[in-house]
Amino acid sequence: MRIAVVLILMLILPPVGAYNVPERGVIYQIMVDRFYDGNESNNGPFYDPTHTNYRLYWGGDLEGIIEKLEYIESLGVSMIWLSPVNDNINRMASGSAPYHGYWPRDFKSIEEHFGTWETFRQLVEEAKKRGICIIVDYVPNHSNPATEGEFGSLYDNGTLITTYYYDAKNATVNPYTGSRELIYHHNGNIYDWFGFQLKYANLFGLADFNQLNPWVDSYLKEGAELFIKAGVCGFRIDAIRHMELGWLESFYLYLYGRAEEPLFIYGEYYLPNPEKTDDLYEFYRYSNVSSLLSIPIRNDIVRVFAYGGSLKNLAAELEEYYFRFVHPDKQVNFLNSHDMVRFLNESKNKERYHMALALIMTLPGIPVIYYGDESYLVSRDGKGDPYNRPMMVFDNTTEAARIIRTLAALRKINDALAFGDFRTLYADYNVWAFERTFGAHRILVVMNKGQEKNLTLTLDWEDGSYTDVLYGAVMEVKDGKAILTLPRNSFYVFHVEGEQKEPLIGSLTPYVAQPGQKVLIAGAGFGNDGHVYIGGKRAKVLSWSNDKILVEVPELETSETWVPVYVEANGKRSNTMKLRYYSGNDIPALLVVNGSNLTGFLWIKGNIPELAEPRPLIKSSTGYYFTVAPLPNGTIFSVQLYRGLPWDELEALNITLYGRAGSTVILSSEPPRDALTGGLNPFTYAGLAVVATALLLLLLRRGHS
Ligand code: NOJ
Ligand code: CA
């Protein structure tokens, strides 16, 4: 009987081990066209078999990636990030073919140079057999060049919907935002990289979507959903700096709500040197709704290792950077990318390159290996885009490949690498030692880019000798002191994997959720069963293992943005992690404030979870202030107005405004009438509308007779 129950349970409950915990893994980034040609019949047009014109197609495709999965697996990576694979334009623009995939025209079909939905699904399946999942790059900010090529042509699974010029004919000016728009925004190109233009104008001439148009909203969501149905485990979202955060939130919620497996989504906010004056600063300070590529720290890491600079300064900068995130371990670190000059083009010093690579793999966050990082791939003439996208050279026998493989293997078993905190123990110009701890798991990373040095560290580890995972260097620890000899250009990783007896949460995937959504809790010491509490309420447990729990988010009565999550197991309570909570039934809403008596940089903060963190308003050319937020449709809410620059303290203006969530909400100083009487639900409204219409018809009929 018991066995039968267990068997039935095994059938009903999903095997929790099947889910990926992003932090325990490594991402391998592929530019599809430049990886491997698995099918020569799809190479043309705009194909260059000589691989000399960097702006043409070179033959790489999805079948090629399938053929090379064994190679990718040999590096120990667990996720593959594909450059965009949606159908792109069939013409050249600015002297280039869209070999890179960032000029889409049909978000519901696959680019014919790369394959079909069938080959895409096959790739997902074949990768899965090797413990690897697929993350796809998705481009919801824009389609393709507006004034050349195919002029912003847009298709819905093969049916032409519009072009940029055709769309312009019927476009109108939104009275509140001042944006001229229909399917696209028609507000020129971005030249002022701040505020309105950043989100409502064309990025480098690319036809900019009006995501608030209900058709566009559904189209972009459905397009991404097709990838979920094909089995992806996540998305890299292109150009998030150029979309309203509130729309992105509703997009993320839609996708999280539709996925069988907890998705991992990270955004590209392209800003190599962040200024406090940019809205990125606000993104870090308050929003934290999505993982980001660690673009702001990348150049400094490369500079310090490729050219020179102080590790002490770098350590301080990195600590400050990660400190800004609610979930620093879910940020995405990289050394090279398709948008930057490769490290080995900046400096040929391989020892330093190995150090930088090992650092990327040991910092808080999830590391990305750009294709060819393992085989010392370089640009032909040392430049960035498009020369940082040469044809792949396959070589997994290098020292770089060994470092990647070794640290990828360690990430799987050492949770300090996945979820640990981040503390500098010692830093000077050439030497840096940092420790990361997660319960009984520890990591000590020590590096020296200068002359050989003897170092004594205060280290709270048990007495004994520890062996570095990369080179076998030995460290003796006695009475809380560690003694190390560090040769020039050395990089050591010492590690401890003790047994975790009490429940300890390392991460939530995703850390943004609405009621009914699944969240994967990863950590250690969970035992065989127990309870999970989210926002004080017991969550439904879908599956449970010692290091992973899958739960369903309950409906909460709260007006907070971040709600606490903890686990109770073996009679012990775990640490608390923060989950960003949304009420559910959220729609992207344009929130408008009449600005006639208002000046300065304004913010709103409100009494529902969606508005509980300050949101900055954009001032429109038509005299209003506005923003976009996901709001629970039909709900009545209030907000307070604040004034202040993103990097300053916000000053309360003591103005309360009210609204009822809908697609456009004009906030007013009077509460909606039924808010005073306790509020009516949408059904009551529908009922009242029916009665009113019936009465009207009756009166009209009477008038006729
Ligand atoms: C950022 C991508 O990484 C880049 O390669 C692309 O050209 C732009 N976004 C526009 O999509
Ligand atoms: Ca935009």
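Predicted, not measured: the structure shown is a model, and the values here were computed from it. Whatever order the structure lists them in is the order used to number ligands and atoms, beginning at 1.
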Aromatic centroids of Tyr284 and Tyr321 separated by under 6.0 Å: yes

Leu203 near the Ca ion (ligand 2) via N/O/S, less than 3.0 Å: no

Side chain Asp106, main chain Gly158, donor-acceptor under 3.5 Å: yes

Nearest to the Ca ion (ligand 2) - the N/O/S atom of His242, by atom name: O

Derivation of the side chain to side chain donor-acceptor pair (under 3.5 Å) call for Glu148 and Ser94: CA-CA 8 Å; Glu148 53 177 334; Ser94 310; 2.7 Å; yes

Aromatic plane relationship, His338 with Tyr370 - under 30° parallel, 30 to 60° tilted, over 60° perpendicular: tilted

Between Phe114 and Phe120, ring centroids under 6.0 Å: no

Under 3.5 Å side-chain donor-acceptor pair for Tyr286 and Thr561: no

Output block, N or O contacts of ligand 1, threshold 3.5 Å exclusive:
residue  : atom   : partner : partner atom : Å
ligand 1 : 3 (O)  : Arg236  : NH2          : 3.0
ligand 1 : 3 (O)  : His338  : NE2          : 2.7
ligand 1 : 3 (O)  : Asp339  : OD2          : 2.4
ligand 1 : 5 (O)  : His338  : NE2          : 3.2
ligand 1 : 5 (O)  : Asp339  : OD1          : 2.8
ligand 1 : 9 (N)  : Asp238  : OD1          : 2.8
ligand 1 : 9 (N)  : Asp238  : OD2          : 3.3
ligand 1 : 11 (O) : His142  : NE2          : 3.1
ligand 1 : 11 (O) : Asp238  : OD2          : 2.6

Aromatic plane relationship, His186 with Tyr164 - under 30° parallel, 30 to 60° tilted, over 60° perpendicular: tilted

Any N, O or S atom of Asp208 closer than 3.0 Å to the Ca ion (ligand 2): yes

Backbone or side-chain N/O/S of Asn202 under 3.0 Å of the Ca ion (ligand 2): no

Phe325-Tyr511 aromatic ring centre distance below 6.0 Å: no

